[in-house]
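Please read these numbers as outputs of a predicted model, since none were measured by experiment.
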Protein chains: 2
Amino acid sequence: MKKHAFFALALIGAAPAPKPASAPIPSPGEIVAAAPARDWSAIAPSDVLVMDLAPDVKGKPRRVVIQLMPPPFSQGWIGNIRKLAAAHWWDGTSVNRVQDNYVVQWGDVTEKKPLPVGLAVVGEGDYLADIVYVESGGGSGLPLFVQSTMRSGDRYAQKTAFWLGWPIGIETKTKYSLGATERRMHREPIRPARFDTFWPTHCYGMVGVGRNLSPDTGTGAELYTVIGHAPRHLDRNIALVGRVIEGIEHLSSLPRGTGALGFYETAEERVPIISARLGSEMETDKSPPRYEYLSTESASFAKYADARANRRDPFFIKPAGGADICNIPVPVRRVKP
Amino acid sequence: MKKHAFFALALIGAAPAPKPASAPIPSPGEIVAAAPARDWSAIAPSDVLVMDLAPDVKGKPRRVVIQLMPPPFSQGWIGNIRKLAAAHWWDGTSVNRVQDNYVVQWGDVTEKKPLPVGLAVVGEGDYLADIVYVESGGGSGLPLFVQSTMRSGDRYAQKTAFWLGWPIGIETKTKYSLGATERRMHREPIRPARFDTFWPTHCYGMVGVGRNLSPDTGTGAELYTVIGHAPRHLDRNIALVGRVIEGIEHLSSLPRGTGALGFYETAEERVPIISARLGSEMETDKSPPRYEYLSTESASFAKYADARANRRDPFFIKPAGGADICNIPVPVRRVKP
């Protein structure tokens, strides 16, 4: 299996690959594995949505775990999602659409199931986060991991960055200066910044809110996740509310729907959702889910992002010199409660 | 199903969506559907590899069709692939690895099956295409669809373009000038260019050659296809030889392997390959496969690429103003023989 094992070295976040004795340069996966405990941030149980699909044909359970985004992102829809979960609203609904290289979508296929009362109607303005000004220098500044402008690298935003563990696009109206750091070849965490608007980006595994034509913005009852190349053209056009942090394979490996847009054409194809619960409601369980993400403000993340952009582990001949925002997935790990 | 149908409008290449009476601006899919016959280019049967997997659990056939790249790309490996197909070498091998958001890999899991004699050993230099100089103006120039430098948009190459139907990265050593066209907001086909090296890019569905550590470059017997966000860091590090043009869902929806790097751990999980044949060998069949791609040098492609970058169909509120090279999939269609 030599050929396989070596091709393997091209990969990240996988099981440890055989380490050549002469290779001192760690892979992205090795950097993550070596990150100290202080570089990991706990994900609050109330920010976790646990969705159990019906078991597969062999009876194996299929659990999909979603992390909801923190403020200031999409909190109107996320508030609705908390209400929907508390009402056990998704129980008995289903996965209804699987379109290759695009999205998996779930919710009430009949569109007749009454929604809980009191859901918010959220405006399109909330596809973007509020204007944020960050003071230069000092501990009060907003920590922000901005990707280098070398190969200035994004067709969908003036700038991309990671913030509070999430990939974001940034559009600035007032010119801002980030100092010499930004002009350096390699990415590193910087503090001073000033910008006008930012928004989460449609990377693989991100979870968004289905909607009708504008000005409708969706309630959060109809959700989708990305299972292909990042459809970044959806950024700022639909609300993103979170990302799948465990079990995405239970969605991404579902048979593609043969109807228009990947909708399943028969009831038998749809995958029943047994339940969807906030992690905080599962606290009395034997095994409440507990996760951590690698803080995007940490030194380990800076090293990891640099290694993703400049692969120097043995498999690679030519480091790319860059990586797009969706090719630097934020590491998430399960931890014991 | 209103909610579904409308969300649908965000998509491309799918079945026709309901067309609002007041929407004169065509979607990318509508532009492709309206492209005249002259804008489509036939794919030669000898450039098509037809791989039949064992039928699925319900007995449904699973055919995967791959288009091989034309010169000057990767011809050493592609020559080997033609020999392997002619020798029916893949018959009885299997799909052995499915790693979520990365690749599906197939070939001889035992690594003991003798290879046909006379396979070429291809050098790493062939990960890039030869230096090409294109004369300015006139009909003799190389037609090339270069993406605008607005939001200059790529972290993996100085420039990206489409050429002969394929997405490529370009690195230039000698400064070249592309004239005013390039500075315009929207993409359009231009002719004059001069560059040093170019290479195909790892977009969704692209097919590449597994290899051992450098200087090994693989033979072409062990192949993989991309089933997730474009792993562009592999560009220039592994040979790309083609792309899946039909049936990728038979690979992308396979259960993910639970072994390291997504390898299947048991023989039962592996998916048998019944046969792999060049289209040219199937000419005596009742239904030899025939395909066309939308010429990337055509006016229709220019319109399509612009529409992918600036969605103006009714679902969208904010056109992105750009699209990365892997978010403009080259349209391919099946045609009657």
Side-chain angles (χ1 to χ4, degrees), chain A residues 1-4 6-8 10-11 14-15 97 99-102 105 111 124 151-156 158 203-205 210-214 222 228-237 248-249 252-256 260-261 263 308-309 311 314-318 320-324 326-327, chain B residues 1-4 6-8 10-11 14-15 17 96-97 99-102 105 111 124 151-156 203-205 210-214 222 228-237 248-249 252-256 260-261 263 308-309 311 314-318 320 322-324 326-327:
Chain A
M1 298 279 291
K2 195 156 63 95
K3 195 163 286 171
H4 301 148
F6 281 126
F7 182 73
L11 312 183
R97 174 191 181 196
Q99 182 169 8
D100 197 66
N101 191 19
Y102 205 58
Q105 193 173 331
E111 295 204 63
E124 288 175 349
R151 289 190 171 165
S152 54
D154 200 85
R155 290 189 184 269
Y156 307 92
Q158 285 177 354
C203 297
Y204 191 94
R211 65 163 169 88
N212 290 318
L213 281 189
S214 170
E222 185 83 12
H229 185 71
R232 296 277 309 280
H233 53 288
L234 298 176
D235 292 0
R236 293 187 280 182
N237 282 283
I248 194 164
E249 68 275 14
S252 59
S253 70
L254 289 175
R256 277 47 181 158
L261 311 163
F263 276 98
R308 288 289 294 177
R311 297 294 293 260
F315 185 82
F316 287 86
I317 307 161
K318 186 151 186 77
D324 75 271
C326 292
N327 204 5
Chain B
M1 298 277 292
K2 194 156 63 95
K3 195 164 285 173
H4 301 148
F6 281 127
F7 182 73
L11 313 182
N96 305 314
R97 173 190 180 197
Q99 182 170 8
D100 197 65
N101 191 19
Y102 205 58
Q105 194 173 331
E111 294 205 64
E124 289 176 349
R151 288 191 170 165
S152 54
D154 199 86
R155 290 187 183 269
Y156 306 92
C203 297
Y204 191 93
R211 66 163 169 88
N212 290 318
L213 280 190
S214 171
E222 185 83 12
H229 186 71
R232 296 277 310 280
H233 53 288
L234 298 176
D235 292 0
R236 293 187 281 181
N237 283 284
I248 194 163
E249 67 276 13
S252 58
S253 69
L254 290 174
R256 277 45 183 159
L261 312 163
F263 276 98
R308 288 289 294 178
R311 298 293 294 261
F315 186 82
F316 288 85
I317 307 161
K318 186 152 187 78
D324 72 272
C326 292
N327 204 6

Requested in this report: Go through the structure and list residues passing side chain to side chain contact (heavy atoms under 4.5 Å, CB included) with B:Asn101, not counting sequence neighbours.
Outcome: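 With neighbours one apart ignored, the set is A:Tyr204, B:His229.
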Query raised in the report: Who pairs with B:Glu124 by side-chain hydrogen bond (donor to acceptor under 3.5 Å, both in side chains), at least two apart in sequence or on another chain?
Result: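 B:Glu124 satisfies side-chain hydrogen bond (donor to acceptor under 3.5 Å, both in side chains) with B:Ser214 once adjacent residues are dropped.
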How close do [X] and [Y] get, counting heavy atoms only, and between which atoms?
| X | Y | answer |
| --- | --- | --- |
| A:Ala320 | B:Tyr156 | CB-CD2, 3.7 Å |
| A:His233 | B:Asn327 | ND1-ND2, 3.2 Å |
| A:Pro255 | B:Ser253 | CA-CB, 4.3 Å |

Query - Toward chain B, the part of A:Leu254 with a non-hydrogen atom under 4.5 Å - result: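 The backbone, not the side chain.
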Report task. For A:Ile248 and B:Asp100, run side-chain contact (heavy atoms from CB on, under 4.5 Å): C-alpha distance rounded to whole Å, both residues' side-chain angles, the deciding distance at 0.1 Å, then the answer. Result -> CA-CA 8 Å; A:Ile248 194 164; B:Asp100 197 65; 3.2 Å; yes
Query raised in the report: Can you tell me how far the CZ atom of A:Phe316 sits from the CG atom of B:Leu213, to the nearest 0.5 Å?
Result: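 One finds 11.0 Å between CZ of A:Phe316 and CG of B:Leu213.
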Query raised in the report: For chain B, which of A:Gly228, A:Ser252, A:Ala230 has the most heavy-atom pairs under 4.5 Å?
Result: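 Of A:Gly228, A:Ser252, A:Ala230, A:Ser252 has the most heavy-atom pairs under 4.5 Å with chain B.
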